[in-house]
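Below, chains carry the letters A, B, ... as their sequence lines are ordered, and counting in each starts from 1. Model, not experiment: these values are computed from the prediction.
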2 protein chains.
Amino acid sequence: MVTSRDVARLAGVSQSTVSYVMSGRRSISPETRRRVEEAIETLGFQPNAGARALASQRSQVIGLVVPFAPGADMTGVLPFIETITKCAREEDHNVILATEDEGAEGLTRLSDQSLCDAIVLMEVGSKDPRIPVAAGLSVPVILIGVPDDPAGLYCVDLDYTLAGRMAVDELAASAHDRVVLLGYPRDVLARDVNFVRRFLRGAEESAAAHDIAYAEVSPPDTSRAGAEVALDEALAGRGPGGCRLGLVVPDPQLIQPTLQSLLDRGLVPGRDLSVIGLCTDRTAETSTPPVTNLSLEPRDVSRRAMRILFRLLNRESVPTPSTVELVTPRLTLRQTSLPAH
Amino acid sequence: MVTSRDVARLAGVSQSTVSYVMSGRRSISPETRRRVEEAIETLGFQPNAGARALASQRSQVIGLVVPFAPGADMTGVLPFIETITKCAREEDHNVILATEDEGAEGLTRLSDQSLCDAIVLMEVGSKDPRIPVAAGLSVPVILIGVPDDPAGLYCVDLDYTLAGRMAVDELAASAHDRVVLLGYPRDVLARDVNFVRRFLRGAEESAAAHDIAYAEVSPPDTSRAGAEVALDEALAGRGPGGCRLGLVVPDPQLIQPTLQSLLDRGLVPGRDLSVIGLCTDRTAETSTPPVTNLSLEPRDVSRRAMRILFRLLNRESVPTPSTVELVTPRLTLRQTSLPAH
DNA sequence: GCGGGGTGTCGATGCGTATCGACAGCAATG
DNA sequence: CATTGCTGTCGATACGCATCGACACCCCGC
């Protein structure tokens, strides 16, 4: 292993000088800098992470707590991980992974062992028991999701209320008579994630504002069978022709089963009714048929979170704590939207 | 921050005794152990990761290099990450993430900065330039995937050759006359991942063995349009009725577009022809219609990799280096298989 | 009663880096 | 020429833990 001492010896300087060349925290003569940098290059020196962390009290690591719970929407998690990792690397930080099922202890472990300098917590529930713990840690915590009480922590999330409103707005604007929201299945409701309520509220508000017939249906789960049950109920009150029906499907996992169930009933989305999903663009593009969607914007949300995080770490100016940053979803019309009247 | 010194003071012992209580590397009297453990509990002591790594030369961290390259099959990556993280936690290790696009430098960084004790490298190409670098690191590297030259590294992967053979075997056994393999798109071929060749070889071998009509078609990409192009070619030589056609689709991303294209042509998978996909069970279950599939078994592959890894770290007996551990895929019949003749 | 082999604890040291205070050298100032 | 103020470098120290050697103590057996 090559140490800064080896570099110092080769460059004919002291170890501390090597350290100062690397950190730039003291001025160094051009000549010395050159010799040291050359020695670093020659030896391929890389500072030992543990020693650096011990001495500087900074691990240069970001803790990322990911939801791997069964039932969680796993397809959407990867873009978050990807974006967060890349943002971290841009600031010369690494990412350490913790799983949701470690619960609050996972957080204290990351913090108390000085494994990381900050934590990003994904998939935060309305009354997430980890929040009070997170608020008491010695490292800053950024939440992706909005709990009822952020306890002074920063929150970033998609603007689900706006998403719900946009979905119904769009259907109302394209002359639909009736909107049915195929809600979240029981296990998601049980996890009590805040975005569910927010989305529903937005949808309800918009429906009320446009004075459009509106109903909510909850499938037992996101399987094909679950979709069938929900659709039976959704289509039950369906009168004879002439009614333009719009389905709103906020659970990404329910979208494809729903589309398939409709096709099986001879109902073609985009011809006989409209379907708007809430999912990543990638999911929407590859669904069959490609579904009109409101994007979850995982990359934007992640970037916003990382931006706050590094501002905190660099002691730059930062918005007031407990600020909730909401990202605006993007509506993309695809094949499941009825053409204009 | 609570240190082992604080614990020692509270327990009335020396700091080294605290350390020995925690590591168990020297015998401790029951009474002393009790007092120390009580003090640890009272103070909520967690050893500082950096200091521990510095002193013990062990970071208790596993480096995981994930493919985030565009075009890579991202849906399948998450189960790997999940399983590897959980296996690591079971052995009291953490997982640090690196992205593929850091290339070989990412590996040397992880190793030379002593950021981790071992590395798991996913999505290894046939002539992956990272292999020679990986072989020269001071930490063990486990490959997920099989390069042409493993350079003494351990490899774990699905048995793609067997998967190819099983796919065609199944079609032959269920009385199909003709098999068309909708291959990988150009960008995957360009990445030159070894499993592509292995799968094709297995399929070809089986086709030859059963003396069944066999053809390979390469789509330009995995979009709907790409699937259309490939299908045009695949269905071109289609004679009049009576021919039982089987499609084999090894690229998970191509499966849904293919199914949809078939439905659009009025060809119902499972009624007019068979489709066998190579994808995770989860993908197969949620495709429309649910596709008969050979499972990629990401969890099994990950677990096998982690088993080797920890055997190496614990200096337990380990198979010969360069050993390739292959996991057997599992065939699950779903709705896209033609019923028996 | 005395030597010998364990057992359990302690003090000291090292891991590799960051950082603080000290200080030599030099230019500018009076 | 003496003084002040910088600039650039060095030595020493601390970070928190693991580990090594030393050693006090106790239980045997003779």
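- In this structure, B/Tyr20 atom OH and D/dC20 atom C1' are separated by 6 Å, rounded to whole Å.
- When each of C/dG16, D/dT9, D/dC17 is scored by its nearest atom to the side-chain atoms of A/Ser29, the top-ranked nucleotide is D/dT9.
- Here C/dA18 presents its P atom at 5 Å from CZ of A/Arg52, a figure rounded to the nearest Å.
- Per the geometry, CZ belonging to B/Arg25 stands 19 Å off P belonging to C/dC10, to the nearest Å.
- Taking 3.5 Å as the limit, the base of C/dG11 and the side chain of B/Ser16 contain a donor-acceptor pair of atoms between them.
- The side chain of A/Ser27 places an N or O atom within less than 4.0 Å of a non-bridging phosphate oxygen (OP1 or OP2) of D/dG8.
- Backbone-only engagement by B/Thr3 is indicated by non-hydrogen atom pairs under 4.0 Å involving sugar-phosphate atoms exclusively.
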- [ ] Go through A/Ser138 and A/Ser111 one step at a time and tell me if the side-chain hydrogen bond (donor to acceptor under 3.5 Å, both in side chains) criterion holds.
- [x] CA-CA 7 Å; A/Ser138 53; A/Ser111 166; 3.3 Å; yes
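- If you measure from atom CD of B/Gln15 to atom C1' of D/dG16, you get 7 Å, rounded to the nearest angstrom.
- Atoms CE (A/Met1) and C1' (C/dT17) sit 11 Å apart, rounded to a whole Å.
- Under 3.5 Å, the side chain of B/Arg26 and the base of D/dT19 form no donor-acceptor pair of N or O atoms.
- The phosphate of D/dC17 (OP1 or OP2) has no side-chain N or O of B/Arg5 nearer than 4.0 angstrom.
- Here A/Ser56 lies in heavy-atom contact (under 4.0 Å) with sugar-phosphate atoms only.
- For the residue pair A/Ser59 and A/Asp117, a side-chain donor N or O sits within less than 3.5 Å of a side-chain acceptor on the partner.
- One interatomic measurement links the two molecules: CD of B/Glu31 to P of C/dT7, which rounds to 19 Å at whole-angstrom precision.
- The CD-P distance, from B/Gln57 to C/dG14, rounds to 14 Å in whole Å.
- For the residue pair A/His93 and A/Ile62, the shortest heavy atom distance occurs at ND1-CD1, 3.8 Å.
- Residues B/Leu326 and B/Leu158 share a closest heavy-atom pair of CD2-O, 3.8 Å.
- Under 3.5 Å, the side chain of A/Ser14 and the base of D/dG11 form no donor-acceptor pair of N or O atoms.
- Between the C1' atom of C/dG8 and the CZ atom of B/Arg35 lies a distance of 12 Å, rounded to the nearest Å.
- Looking at heavy-atom distances under 4.0 Å, A/Ser19 makes contact with a base.
- Nucleotides of DNA chain C nearest to A/Met22 and B/Val13 differ in position, and the one nearer the 5' end is that of B/Val13.
- Between the side chain of A/Thr32 and the backbone N or O of A/Ile28, no donor-acceptor pair lies under 3.5 Å.
- The phosphate of D/dT9 (OP1 or OP2) has no side-chain N or O of A/Thr17 nearer than 4.0 angstrom.
- Nucleic acid contact class of A/Val18 (heavy atoms, under 4.0 Å, all strands): none.
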